[in-house]
Amino acid sequence: MSQALLIARRELAAYRRSPLGAIVIAGALLIDGIYFYWKGLTDKLVSAQVLSEFFYGASGTTMIAGIVLAMRLLAEERQTGTLTLLNTSPIKDSEIVLGKFVSAFGVLALMTLLTLYMPLLIFVNGKVSVGHIVVGYSGLLLLGAASLAIGLFASAVAKSQVVAALIGTLILAPLVLLWAVAKAVDPPLNRVLTSLAIHHENFRPFMNGILELDGVVYYAAVTYFFLLAATKTLEARRWR
Amino acid sequence: MIEIRDLYKYYGDRRAVGPLSATIEKGEIVGLLGLNGAGKTTTLRILACDLLPTSGTVRVGGLDVVDVPHEVRRRIGYLPDTPPVYLEMTVDEYLTFAAKLRGVTGADVEKRVDEALELTEVSSERDRPIGALSHGYRQRVGIAQAIVHKPEFVVLDEPISGLDPVQIVEMRDLVRSLGGEHTVVVSSHILSEIHETCDRIFVIRDGQIVASGTEKELSEALLSGMRVTLSLRVGQAGAARASQLIASVEGVTQVELAAETEGPGVASYRVALSRDTRDELTRAVVGAGFGLLELTRGERELESVFLELSKSSDEPARKKKKRKKPAAEPSAEEAP
């Protein structure tokens with residue numbers, strides 16, 4: 001466990017020194033801000049709707065940020081040969097994966113919290129419940145964790161960062177679009193597909209300030225599954 | 001002690017190493033010498049638990065690399081062919097990270113980092129990012145990383161490649177200084193780089209050890225006779241005559257006129273003797289009226305042994321490969 005923290009600390013320092021972390025955060029804030037101004041502040045909506053719109057927009061940037069932040073985690077080490085240092089050290093693959101995940105999640109959480117000024121702006125001319133804000137942010141963090149896990153798995157599979165980003169997108173995008181597929185198929189299959197979709201029905205309750213256990217379990221499961229897959233990928237490759 | 005028994009490594013159908021057996025004593029510095037693709041890196045990676053052997057046993061300090069890899073990893077320091085350094089970290093941060101990664105804890109970390117920095121002479125650069133260092137310094141940081149946890153065994157894959165002459169001398173001293181306390185395995189494809197550093201040399205070709213021993217043992221066992229270089233003042237047209245004269249001396253098996261020369265009228269010959277007939281040789285040339293300027297025993301003797309060992313590989317090796325494969329497969333099945 002302490003080894004996982006060691007990896008996480010090194011990784012956080014790497015985010016601080018490379019421009020990637022700053023660029024992702026700045027980009028996400030810019031896009032969130034524009035979206036918030038365009039959808040939230042110019043349409044005639046009530047306060048709660050403005051907040052929902054904000055979470056909807058932020059969910060998109062969170063997913064993209066998750067993939068971009070995670071793409072370098074293992075692929076870069078493989079590219080530069082530093083993975084050998086980890087592979088020849090007495091450290092478990094699960095500790096490597098966990099450490100990497102925790103550090104990237106830290107950056108993503110910072111990015112998400114920096115958007116807090118937008119919901120607070122609603123208080124200037126309106127009123128929303130604090131519970132709605134808290135639930136919405138929980139949803140964003142859960143969705144972000146799942147995207148990061150997908151990106152980390154892609155990074156474990158890929159030889160280069162670009163390929164990692166591509167693979168991550170190719171896993172995430174279909175998961176988002178499952179709800180559209182669900183519309184086209186008959187019950188009961190459509191129910192299955194809808195509940196597997198990473199955004200739509202699993203995220204909407206969070207967006208509207210309703211905390212549903214289904215969603216929490218879903219995101220936790222997706223995160224666990226892809227972190228496990230990343231660990232197994234590393235294990236399978238470690239001695240090759 | 002490192003014990004390797006009947007080690008094989010296949011990449012798909014291609015045999016990279018095997019059959020390979022060797023024993024390396026505690027505190028010894030051993031050089032693995034071979035051309036590119038001979039199987040040096042593969043062998044070292046297996047020692048460092050970076051690569052799983054196809055079959056055979058490798059025991060490092062009595063511990064099997066397949067059964068207890070983490071225990072072996074704790075006791076071994078490994079420098080791959082490219083130093084596994086994070087370019088954005090400073091030397092200090094990097095070594096601290098590497099030490100903690102190998103299980104060094106508490107106050108020991110700082111002490112060990114200081115020692116490693118001192119030994120590899122990078123203390124002056126400790127606060128600089130590794131990305132800003134020259135190739136030679138990065139290589140040293142790579143070695144510092146391999147010894148920072150005071151491992152019993154140090155495995156260095158071509159630590160000398162790409163260094164300038166001054167750095168090569170320093171690197172030799174550094175590797176030399178690791179002996180005794182650590183058991184060191186170094187690989188190289190250039191003999192002169194390691195024969196001074198190592199207690200013993202394994203010549204590896206086509207995944208097998210074709211010769212081993214100290215430099216002296218190797219040259220005694222493999223060099224019949226002796227090689228000398230002879231510089232003579234031969235005048236304007238005497239070069240060919242001198243060559244004939246040398247060839248007629250008893251024991252001379254080969255005479256070769258060297259391309260380099262000290263100046264006009266001076267010729268150098270590389271002479272192969274079947275036994276030590278240097279006195280006859282000098283008497284003959286002096287008696288014939290040539291000025292004897294220099295007679296040196298060839299210092300590149302072992303180099304030529306190595307070249308011969310490596311060159312003769314081509315034909316028989318390929319035949320051997322085909323023959324070896326069926327024989328190796330049963331042992332590959334035994335592995336799991």
Side-chain angles (χ1 to χ4, degrees), chain A residues 1-23 69 72-100 102-104 107 155 159 161 231-240, chain B residues 9-12 41 44-54 65-66 68-90 93-106 109 129-131 138 141-142 145-146 148-149 151 153 155 157:
Chain A
M1 192 60 204
S2 66
Q3 297 299 74
L5 283 179
L6 180 69
I7 300 274
R9 269 202 301 275
R10 199 213 74 77
E11 215 51 65
L12 271 179
Y15 276 122
R16 215 174 55 230
R17 278 178 202 166
S18 84
L20 183 76
I23 289 173
L69 284 174
R72 55 168 283 277
L73 288 173
L74 287 159
E76 188 185 33
E77 297 232 23
R78 191 170 288 125
Q79 264 176 316
T80 57
T82 47
L83 200 57
T84 311
L85 179 73
L86 303 181
N87 280 344
T88 56
S89 295
I91 176 169
K92 290 190 202 123
D93 296 286
S94 54
E95 290 170 328
I96 299 177
V97 168
L98 189 64
K100 300 257 175 195
V102 166
S103 69
V107 178
S155 193
K159 280 211 170 68
Q161 300 188 51
T231 307
K232 293 295 166 195
T233 307
L234 277 193
E235 271 172 20
R237 296 228 174 140
R238 186 159 187 165
W239 278 32
R240 296 295 174 268
Chain B
K9 177 68 192 179
Y10 279 86
Y11 291 114
T41 298
L44 295 186
R45 285 183 63 195
I46 291 171
L47 278 181
C49 292
D50 189 28
L51 203 60
L52 200 62
T54 307
V65 295
V66 182
V68 282
H70 272 4
E71 287 305 308
V72 175
R73 285 174 183 137
R74 235 182 283 278
R75 288 171 174 75
I76 217 161
Y78 173 52
L79 169 69
D81 43 11
T82 45
V85 290
Y86 296 98
L87 298 181
E88 82 278 359
M89 290 175 104
T90 67
E93 288 168 339
Y94 173 69
L95 291 179
T96 306
F97 174 70
K100 287 181 179 167
L101 202 57
R102 269 71 163 272
V104 182
T105 49
V109 176
I130 297 173
R138 278 187 209 182
V141 173
Q145 160 274 131
V148 73
H149 53 305
F153 306 93
V155 175
D157 196 356

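Naming convention: chains lettered A, B, ... in sequence-line order (proteins, then strands); numbering from 1 in each chain.
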If we ignore hydrogens and angles and just use 3.5 Å, is the side chain of B:Arg73 paired with the main-chain N or O of A:Asn87 as donor and acceptor? yes

What heavy-atom pair brings A:Arg17 and B:Thr90 nearest, and what distance separates the two atoms? NH1-N, 4.1 Å

Can you tell me which portion of B:Val68 sits under 4.5 Å from chain A's heavy atoms? Options are side chain, backbone, both or neither. neither

So which heavy atom on A:Ser89 is nearest to which on B:Leu101, and how close? OG-CD2, 3.5 Å

Taking A:Lys92, A:Glu77, A:Arg9 one by one, which has the highest count of heavy-atom pairs under 4.5 Å against chain B? A:Glu77

Which region of B:Glu93, side chain (C-beta onward) or backbone (N, CA, C, O), has a non-hydrogen atom less than 4.5 Å from a non-hydrogen atom of chain A, or is it both or neither? side chain

Can you list the residues that meet the side chain to side chain donor-acceptor pair (under 3.5 Å) rule with A:Ser94, with sequence neighbours excluded? none

Specify the closest pair of heavy atoms between A:Leu85 and B:Gln145, including all atoms of both residues, with the distance to one decimal. CD1-OE1, 3.6 Å

Heavy-atom closest pair (A:Gly81 atom, B:Pro84 atom, distance to 0.1 Å) is O-CB, 3.6 Å

Per-residue contact mode, B:Tyr86 against chain A (heavy atom under 4.5 angstrom): both

What closest approach, in Å, do A:Thr88 and B:Asp50 show between heavy atoms, and which atom pair accounts for it? CG2-CB, 3.7 Å

Most contact-rich option vs chain A, by heavy-atom pairs under 4.5 angstrom, among B:Glu71, B:His149, B:Arg102, is B:Arg102

Any ion pair linking A:Arg10 and B:Glu88 (charged N to carboxylate O, less than 4.0 Å)? yes

A:Ala13 versus chain B, heavy atoms under 4.5 Å apart: side chain, backbone, both or neither? neither

Going by the salt bridge (Lys or Arg N to Asp or Glu O under 4.0 Å) test, which pairs reach into residues 81-91 of chain A, not counting sequence neighbours? none

